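Along the sequence shown, the residues carry numbers beginning at 1. FYI, side chains are in, hydrogens and waters are out, and symmetry mates aren't considered; it's all heavy atoms of this structure. In this text the structure is predicted, and so the values were computed from the model without any measurement.
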Amino acid sequence: MSFSVVLLAGGVGGAKMAEGLLHSVCEQHLTIIGNISDDQEIHGLWVSPDIDTLTYTLTDRIDTKKGWGLKDESNRTLDALQTLGADTWMYLGDQDFATHIYRTNLRKQGKRPTEIAADIAKKFGLKVPLLLPTDDIVQTKLNTDLGWLDFQSYFVRHQCTPEIKEIVFAGADSAKATPEALSAIAEADLIVFAPSNPIVSIGAILAIQEIRQAIVASRAYKVAVSPIIAGKTVKGPADKMLRALDISCDSLGVAQCYQGLIDLLIIDRQDAELAHSIHALAIDTYLTNTLMDNRADKVRLAEELITVALRNAMQKKLTETLAETTAAAVPSDQQSLDAVRASI
Ligand code: GDP
């Protein structure tokens, strides 16, 4: 059966969902579109943290304790840079440096960033397509009480402590979506928004207008998993960002970020009382345990997601077909049945 799933993913939360989907029923059918707006030049090298987290996680090379970076790392290069007086607040391990050197060289040679990401992923042994939303540079910038900061300066150097006043995605307005991402979205049966930061991971992908429009136009069933459980992030600054933007820091706030884009929001059982308010935004809900501590959790959540999405997509199609056939000149019972059968 041809069944195609597209996952929009940030780093840590995105990679957990990607791992679940990769090791579940979707292994043969998965395409990932990763976030590039955390990318930044460091020591003259182009660093792409979310794309690397996805590649390293899905090829079992990730440092599982940290959730990012390569396992079995050493830091001799960073130590040497420090001796030379360089700013070394951004941890980059010795093997990880090789990825950034390789990527930067290929970019300087004029190779498309999408092809570079695919090349690196393939060399690490990734079997599913990992696409970029754009080959242009889009970068998250935060206006804070310390002034404008790049994402990594806010996140790593200042440990998410500056007060956020405004978040922008520099370059997003003029960024062109990649043809690979657009065609994956157009052909998708199911689009999944990972439990990633809704502002600076998924929100940054959606800030590329061609991507947003393609998702709206897609006939796929669209599901998001909330990254907020009981009003708290599992990791990272999504809570601070939601509050700074006057969005409630819970799954209702996440639903508001995705209103008009998704059919279903998967929320944690602890957030059952929010379901009613989420339904008012024309978004269905499904309650389960959404915390993923190990591979079994990730696969279980992915399989539940696929099952509920397939069931709901079928119901949605039946309802739409029945409404269309009822609105048309009164058909015979047999004609109605044939129309429904033909459409599913
Ligand atoms: P980043 O780019 O590395 O910050 O990663 P993402 O944007 O992909 O993921 C960050 C988000 O993942 C945070 O808001 C977390 O709350 C969420 N997250 C991490 N682990 C889990 C989990 O096990 N379950 C859920 N529901 N969310 C998670």
For residues S201 and S196, is any side-chain donor paired with an opposing acceptor at under 3.5 Å? no

Heavy atoms, side chains only, cut-off 4.5 Å: are T31 and E187 in contact? no

Between S4 and D189, is any side-chain donor less than 3.5 angstrom from a side-chain acceptor? no

As a quick check of understanding, evaluate salt bridge (charged side-chain N to carboxylate O under 4.0 Å, His left out) for D63 and K66, giving each step before the final call. CA-CA 6 Å; D63 179 333; K66 290 195 298 215; 3.7 Å; yes

Given 3.5 Å as the limit, does a donor-acceptor pair link the side chain of D250 with the main chain of G253, or not? yes

Hey, are the side chains of Y258 and L206 touching, using non-hydrogen atoms and a 4.5 Å cut-off? yes

Determine, step by step, whether F193 and V223 satisfy the side-chain contact (heavy atoms from CB on, under 4.5 Å) criterion, reporting the C-alpha distance in whole Å, the side-chain angles of both residues, the deciding distance to 0.1 Å, and the verdict. CA-CA 6 Å; F193 295 20; V223 182; over 6 Å; no

Under the side-chain contact (heavy atoms from CB on, under 4.5 Å) rule, collect the residues that match up with L291, sequence neighbours excluded. I229, V234, N289, D293

With rounding to the nearest 0.5 Å, note down the distance linking CD in Q256 to CG in L281. 6.0 Å

Fit a plane to each ring of F151 and F155, take the angle between them on a 0 to 90° scale, and name the class: parallel (under 30°), tilted (30 to 60°) or perpendicular (over 60°). parallel

So I228 and L242, do their side chains get closer than 4.5 Å, heavy atoms only? yes

Is Q139 close to S37 at the side-chain level, that is, under 4.5 Å between some pair of heavy atoms? no

Salt bridge or not between K165 and D145? Use side-chain N to carboxylate O under 4.0 Å. no

Minimum side-chain heavy-atom gap N143-I164 below 4.5 Å: no

Nearest 0.5 Å please: distance from the CE atom of M292 over to the NZ atom of K16. 5.5 Å

Give the intermediate values and the outcome of salt bridge (charged side-chain N to carboxylate O under 4.0 Å, His left out) for residues D135 and R107. CA-CA 11 Å; D135 284 324; R107 286 176 78 101; over 6 Å; no

Not counting sequence neighbours, list each pair that qualifies as a ring-ring contact (aromatic ring centres under 6.0 Å, His included) and has a residue in residues 43-93. Y56-F124

Scan side-chain atoms only and decide if T285 and H279 contain a donor-acceptor pair under the 3.5 Å cut-off. yes

For residues L310 and V299: do they belong to one hydrophobic cluster (side chain heavy atoms under 4.5 Å, members Ile, Leu, Val, Met, Phe, Trp, Tyr)? no

Below 3.5 Å, can you tabulate the donor-acceptor pairs from side chains in residues 171-179 to any protein atom, sequence neighbours excluded?
unit_1	atom_1	unit_2	atom_2	d
K176	NZ	E210	OE2	3.0
T178	OG1	L132	O	2.8
T178	OG1	A181	N	3.2

Of the options K316, K222, K317, which is the one that meets D263 in a salt bridge (charged side-chain N to carboxylate O under 4.0 Å, His left out)? K316

When you compare the side chain of D239 with that of K232, does any pair of heavy atoms fall below 4.5 Å? no

Check against side-chain hydrogen bond (donor to acceptor under 3.5 Å, both in side chains), D94 and T77: CA-CA 6 Å; D94 291 333; T77 311; 2.7 Å; yes

Is it the case that one hydrophobic cluster holds both V156 and I42, taking links as side-chain heavy atoms less than 4.5 Å apart, direct or via other members? yes

Salt bridge (charged side-chain N to carboxylate O under 4.0 Å, His left out) assessment of K71 paired with D60: CA-CA 9 Å; K71 60 184 164 192; D60 290 329; over 6 Å; no

Give, for atom CG of L182 and atom CD1 of I211, the distance between the pair rounded to the nearest 0.5 Å. 5.0 Å

ILVMFWY cluster, Y221 and F3 together (side-chain gap under 4.5 Å): yes

One thing to verify: whether R76 and D79 come together as a salt bridge, which I'm taking to mean a side-chain N less than 4.0 angstrom from a carboxylate O. no

Is E180 reaching over with its side chain to a backbone N or O of P129, donor-acceptor style, under 3.5 angstrom? no

Is there a donor-acceptor pair under 3.5 Å between the side chain of T144 and the backbone N or O of G147? yes

Are the side chain of E73 and the backbone N or O of Q95 linked by a donor-acceptor pair below 3.5 Å? yes

Under a 4.0 Å threshold between the charged nitrogen and the carboxylate oxygen, would R157 count as salt-bridged to D150? no

Do E304 and T307 come within less than 4.5 Å of each other through their side chains, counting heavy atoms only? no

S74 OG to F97 CZ distance, which is reported to the nearest 0.5 Å: 11.0 Å

Just how far is it from atom CG of D268 to atom OG1 of T288, taken to the nearest 0.5 Å? 7.5 Å

Could you go through K123 and Y102, starting from their C-alpha distance and side-chain angles, then the distance that decides it, and tell me whether this counts as side-chain contact (heavy atoms from CB on, under 4.5 Å)? CA-CA 12 Å; K123 286 180 178 149; Y102 184 73; 2.7 Å; yes

State whether the side chain of K240 and the backbone N or O of C160 hold a donor-acceptor pair below 3.5 Å, judged by distance alone. yes

Can you tell me how far CD of E273 sits from CG of L252, rounded to the nearest 0.5 angstrom? 10.0 Å

